[in-house]
Amino acid sequence: MEIQLWREILHPYEMAVEELVSKFNSLREEYRKNGLYSPIERVTGRVKSVSSILEKMQRKNIPFERMEEEVEDIAGVRIICQFVEDIEKVNALLSHRQDMKVIERKDYLANQKKSGYRSLHLIVKYAVETIHGSRDILAEIQIRTMAMNFWATTEHSLQYKYKGELPPHVSVQLQKAADAIFVLDNEMSQVRSEIIDAQIDSQIQTRLVKDILLTIENLYRVASSREVRKIQDEFYRIFGLHDLEELKRFQKQLDIFAEGYRAQSIEPMP
Ligand code: 0O2
């Protein structure tokens with residue numbers, strides 16, 4: 001048997017995970033910068049440990065030559081969403097991308113696993129550019145809600161603790177917890193639009209305040225300090241009203257005033 005240089009074998013997978021995590025994080029930021037709700041809440045990634053790869057190969061009787069085709073989750077990325085509805089949105093987003101091809105979809109939402117596990121898994125083919133040229137890598141993207149993630153993480157730790165042989169009372173308890181998670185996700189969906197509106201308003205307010213303060217800072221360099229102090233006091237007064245529309249109006253007026261001094265914030269801060 002040839003000697004396996006694991007560091008070399010796993011390097012393209014590390015590249016794939018790093019790139020995918022960064023791309024999905026950028027997507028989330030793009031939504032937020034445009035004042036939109038992002039169906040992606042959080043992204044994490046990992047390369048499977050050699051011990052876990054070997055364990056899976058033994059369990060599934062996979063010969064080393066078939067490892068890269070058959071162990072589909074050496075590169076693993078997890079996308080956490082706030083609401084069940086977001087999972088489908090992320091699925092659609094990923095399915096239309098030019099830089100990856102979904103080759104398999106495992107829908108553990110429609111077909112919950114016996115353990116109670118729920119998630120949508122996409123197996124994608126993704127090309128990384130290495131010093132030896134382009135390499136197609138398989139990666140598993142798990143898409144799930146925060147509540148599903150809480151359940152899966154806890155269950156995974158218990159599986160590890162009991163070496164995959166959960167005592168019946170623990171399995172029953174986990175099944176009950178999975179049922180509760182299902183109900184919780186549905187309950188949260190009922191108030192989805194209200195939560196989204198509140199989150200978007202909060203993002204807009206954060207951006208407005210940053211822009212306003214930057215403009216005031218710029219004005220401080222060019223306008224009289226008495227005038228700038230008055231503007232600042234007015235800003236604090238309006239901020240205290242907790243009225244987003246008032247804050248937007250104030251920013252517009254401030255921009256007109258600052259234009260005279262060419263002191264408005266040139267580009268909105270992220
Ligand atoms: P890790 O530590 O996450 O890398 P399988 O036979 O289930 O091992 P298969 O058929 O190749 O694997 O793929 P499947 O079923 O889609 O599962 C792959 C991954 O999904 C698992 O990776 C888990 O991360 C997750 N998963 C699947 N089923 C369950 C479950 O019942 N509970 C939890 N908590 N997670 C699950 P690994 O290899 O287990 O490990």
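FYI, the numbering just counts along the sequence from 1. Not measured: the values here are computed from a predicted model. Atoms within a ligand are numbered from 1 in the order they appear, just like the ligands themselves. For the numbers below, each heavy atom of this structure counts, side chains included, while hydrogens, waters and symmetry mates do not.
- For Glu14, there are no salt bridge (charged side-chain N to carboxylate O under 4.0 Å, His left out) partners at least two apart in sequence or on another chain.
- Of the charged side-chain nitrogens involved, none lies within less than 4.0 Å of a carboxylate oxygen, so that Asp185 and Arg192 do not count as a salt-bridged pair.
- Listed by first then second residue, pairs satisfying ring pair (Phe, Tyr, Trp, His ring centres under 6.0 Å) with a partner in residues 86-130 read Tyr108-Tyr117, Tyr108-His121, Tyr117-His121, not counting sequence neighbours.
- Taking the charged nitrogens against the carboxylate oxygens, Arg237 and Glu234 do have a contact shorter than 4.0 Å, which makes a salt bridge.
- At a 4.0 Å heavy-atom cut-off, the residues surrounding ligand 1 are Arg46, Lys48, Lys56, Arg59, Lys60, Asp73, Lys106, Tyr108, Lys113, Ser115, Tyr117, His121, Glu140, Gln142, Ala152, Glu155, His156, listed by chain and number.
- Listed by first and then second residue, the salt bridge (Lys or Arg N to Asp or Glu O under 4.0 Å) pairs involving residues 105-123 are Glu72-Lys106 (not counting sequence neighbours).
- Using modelled atom types, one finds a donor on one side chain and an acceptor on the other under 3.5 Å when comparing Gln142 with Glu140.
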